[in-house]
Amino acid sequence: MGTRGAGGAAASSSGGGGGGSVSFLGTKISNDLARLLRGACNLFPEQVGHILRSLRAKTIAPLLRVAIAACLIMSVMLLIEAVSMAAVSLAVKILRRRPEKRYRWEPIAGDEEEGSLAYPMVLVQIPMFNEKKVYKLSIGAACELAWPSDRMIIQVLDDSTDSTIKDLVELECKLWASKGMNIFYEVRDNRKGYKAGALKEGMEHSYVRQCDFVVIFDADFQPESDFLNRTIPFLLHNSDVALVQARWEFVNFKECLMTRIQKMTLDYHFKVEQEAGSSTFAFFGFNGTAGVWRISAINEAGGWKDRTTVEDMDLAVRASLKGWKFVYIGDIKVKSELPSIFKAYRHQQHRWTCGAANLFRKMGMEILTTKELSIWKKLYLLYNFFFVRKVIAHVVTFYLYCVLVPVSVMVPEVNIPVWGVVYIPTAITLLNAIRNPRSIHLLPLWVLFENVMSMHRMKATIMGLLEVGSVNEWVVTEKLGDAYRAKLDVPLLEKHSTRLRDRFTFSEIGFATFLFFCACYDIAFAGKYYYVYIFLQSIAFLVVGFGYVGTFISDL
């Protein structure tokens with residue numbers, strides 16, 4: 001035991017002497033490791049930053065440059081199109097090249113011998129779907145047209161799913177029939193083809209065969225009494241004219257900020273786009289209402305088709321391929337109603353945008369290969385009418401001004417030229433405003449709201465081109481009418497629902513957050529001064545996202 005104890009003591013003594021060395025060495029290593037770690041910690045952010053900057057410069061920046069270059073090219077294309085249309089429209093106005101000077105037009109004058117037979121037979125179609133608030137207005141306006149009652153047939157095409165509303169509409173038709181009007185109330189067993197299906201089936205009734213022309217009024221449209229007397233002569237005296245389109249006038253454009261902005265957009269569409277198309281190639285997209293068709297032209301074009309949500313544009317393109325001409329008359333205005341509820345407006349814009357892109361997909365090759373058209377008209381249809389106005393206009397507005405400009409503040413290697421972010425959009429905006437001088441003070445708000453809508457239009461365009469998702473979604477635009485308009489709460493910005501899912505649209509709120517971050521980054525690091533615009537655009541997305549746009553009816 002003593003030996004073990006002595007050996008243990010010796011070992012302990014020996015270990016104590018060696019432990020001093022080990023302790024010194026360990027302290028040295030730990031200090032060196034600490035210095036190394038502190039150095040690594042100091043170097044780590046710089047290394048990571050260098051890696052990220054290198055990655056940004058070699059991958060993100062080149063891709064962003066390509067995207068910006070593509071959008072700038074499309075912006076130039078859009079500017080050229082806007083300038084050319086504005087020039088034509090302005091020339092027509094200055095030179096007073098009214099349709100009556102370009103086409104033969106003479107008033108219809110019956111004599112005692114012919115009597116009402118001097119007037120051609122006209123079919124008036126009024127498609128409806130649960131139009132409780134406006135059915136009396138549209139039927140009444142059609143029945144009061146100044147045209148011999150024995151030379152006009154009024155056809156109410158009611159696709160309503162509400163039996164009460166159907167009974168009311170049918171009763172209104174019977175009341176006018178008792179006054180001597182030649183009016184028919186037509187219903188279907190189903191809503192196949194929606195509006196196109198209703199119009200197609202309406203044309204198949206035997207009494208339609210006696211008619212030469214058909215005029216279409218949506219349920220909220222109220223023509224003046226002389227509408228037929230001013231439009232039919234163009235068709236009667238010009239055998240190559242298939243369509244006469246009148247301009248829309250809006251009874252409720254002062255209702256809220258959203259309706260005022262809509263008026264600016266649609267006024268440009270009619271005063272510039274439709275006027276330019278009518279004056280150059282005698283072609284434009286039929287607006288689906290407030291227009292008169294030659295029935296033989298409809299039949300030759302293949303009749304109504306429900307393959308897209310823009311059956312009106314579809315028919316117009318097919319008729320144009322057969323060589324028919326269209327006439328737009330800006331002096332004839334038909335009262336109508338703008339959607340004042342944002343949800344209704346968004347559905348309408350989706351239908352129009354998606355349908356146009358989908359029609360481009362379906363008819364592009366047919367337009368290219370048709371032998372009846374000149375090369376210039378083919379170019380106009382494919383490039384100007386479809387590609388630039390129906391595709392590029394929506395894509396470039398969203399991607400350049402709402403995505404690439406904000407993202408560029410985080411990529412200092414990329415700079416967008418001033419002419420691309422200032423001069424071109426300013427020029428296009430002014431060209432849109434030149435025909436709306438009374439609304440020029442709303443231009444900034446118009447730009448911001450149209451940029452918000454460009455997100456929905458861009459999505460609808462992609463859906464139409466790829467034919468995916470809700471490409472054939474058809475939601476009837478809700479009309480409020482005069483009776484319900486009295487109950488409207490009409491501030492400029494109004495929340496119109498109490499349900500969370502209806503009040504909030506999270507796509508807009510999410511995008512507003514992205515824009516807000518980009519604006520803050522620009523202030524803190526980039527210094528490109530885009531933050532003023534980006535902040536305002538972020539607010540616009542946020543206002544729409546939280547439902548503070550449009551009007552609302554308290555009892556709905």
Side-chain angles (χ1 to χ4, degrees), residues 88-89 91-93 95-111 114 116-125 145-148 151-153 203 208-217 223-224 226-247 270-271 273-304 312-313 315-334 370 372-374 376-377 380-381 385:
V88 172
S89 175
V92 170
K93 187 175 181 63
L95 300 177
R96 298 183 180 181
R97 293 288 296 166
R98 296 161 58 89
E100 291 84 351
K101 292 184 178 181
R102 301 197 308 269
Y103 297 91
R104 183 184 173 192
W105 188 94
E106 294 177 6
I108 301 174
D111 53 33
E114 287 186 315
S116 63
L117 293 178
Y119 293 81
M121 283 292 295
V122 177
L123 174 69
V124 180
Q125 289 185 316
L145 288 169
W147 200 258
R151 307 299 291 170
M152 178 173 65
I153 299 174
M203 297 293 290
V208 174
R209 295 171 191 165
Q210 58 187 307
C211 298
D212 302 304
F213 310 110
V214 56
V215 55
I216 302 166
F217 295 116
E224 297 294 332
D226 62 349
F227 179 87
L228 294 179
N229 286 296
R230 297 181 66 185
T231 56
I232 293 295
F234 285 100
L235 296 161
L236 200 59
H237 300 304
N238 301 275
S239 59
D240 56 349
V241 172
L243 167 67
V244 177
Q245 173 72 61
R247 181 179 152 194
F270 281 105
K271 293 179 180 179
E273 291 181 345
Q274 300 294 73
E275 183 70 80
S278 177
S279 302
T280 52
F281 290 94
F283 170 81
F284 48 84
F286 175 44
N287 295 111
T289 178
V292 189
W293 276 92
R294 188 185 301 273
I295 292 179
S296 60
I298 294 178
N299 294 334
E300 185 180 349
W304 293 101
D312 42 12
M313 187 185 296
L315 176 61
V317 174
R318 286 185 282 114
S320 181
L321 296 185
K322 296 295 182 180
W324 290 100
K325 295 181 179 180
F326 305 158
V327 179
Y328 165 73
I329 310 175
D331 292 339
I332 303 178
K333 303 175 185 178
V334 182
T370 187
E372 286 80 5
L373 290 185
S374 67
W376 296 111
K377 192 162 186 178
Y380 176 77
L381 284 171
F385 182 75

- Which word best sums up how the rings of F283 and F326 line up, parallel for under 30°, tilted for 30 to 60°, or perpendicular for over 60°? tilted
- For the residue pair F385 and M313, establish whether any side-chain heavy-atom pair is separated by less than 4.5 Å. yes
Nearest heavy-atom contact between W105 and R230 is NE1-O, 3.2 Å
Rounded to the nearest 0.5 angstrom, the CZ-CG distance for F213 and L123 is 12.5 Å
Value for CZ (R247) from CG (N287), rounded to nearest 0.5 Å, stands at 12.0 Å
d(E100 CD, I329 CD1) to nearest 0.5 Å is 6.0 Å
Of all heavy-atom pairs linking E106 and H237, the shortest is O-NE2, 3.3 Å
Interatomic distance, CH2@W293 vs CH2@W304, rounded to 0.5 Å, equals 7.0 Å
ask   = Would L243 and F284 satisfy side-chain contact (heavy atoms from CB on, under 4.5 Å), going step by step from the backbone distance to the final call?
value = CA-CA 10 Å; L243 167 67; F284 48 84; 3.9 Å; yes
Tested for side chain to side chain contact (heavy atoms under 4.5 Å, CB included) against V208, the lone hit among Q125, M121, M203 is M203
Could you tell me whether the side chain of W147 reaches within less than 4.5 Å of the side chain of V124, counting heavy atoms only? no
* Could you verify whether a donor N or O on one side chain and an acceptor N or O on the other, from E275 and S279, lie under 3.5 Å apart? => yes
**Study point:** Test item: F234 and V292 side chains (from C-beta on) under 4.5 Å apart, heavy atoms
**Key:** no
Problem set entry | Crowding at NZ, K325 (>12 non-hydrogen neighbours, <6.0 Å) | no
Do L381 and L373 have side chains that approach each other closer than 4.5 Å (heavy atoms only, starting at C-beta)? yes
So CD1 of I232 and CZ of R294: to nearest 0.5 Å the spacing works out to 9.5 Å
Taking every heavy atom of I108 against every heavy atom of P233, the minimum-distance pair comes out as CG1-CG, 4.2 Å
Between the NZ atom in K93 and the CZ atom in R98, the distance rounded to the nearest 0.5 Å is 10.5 Å
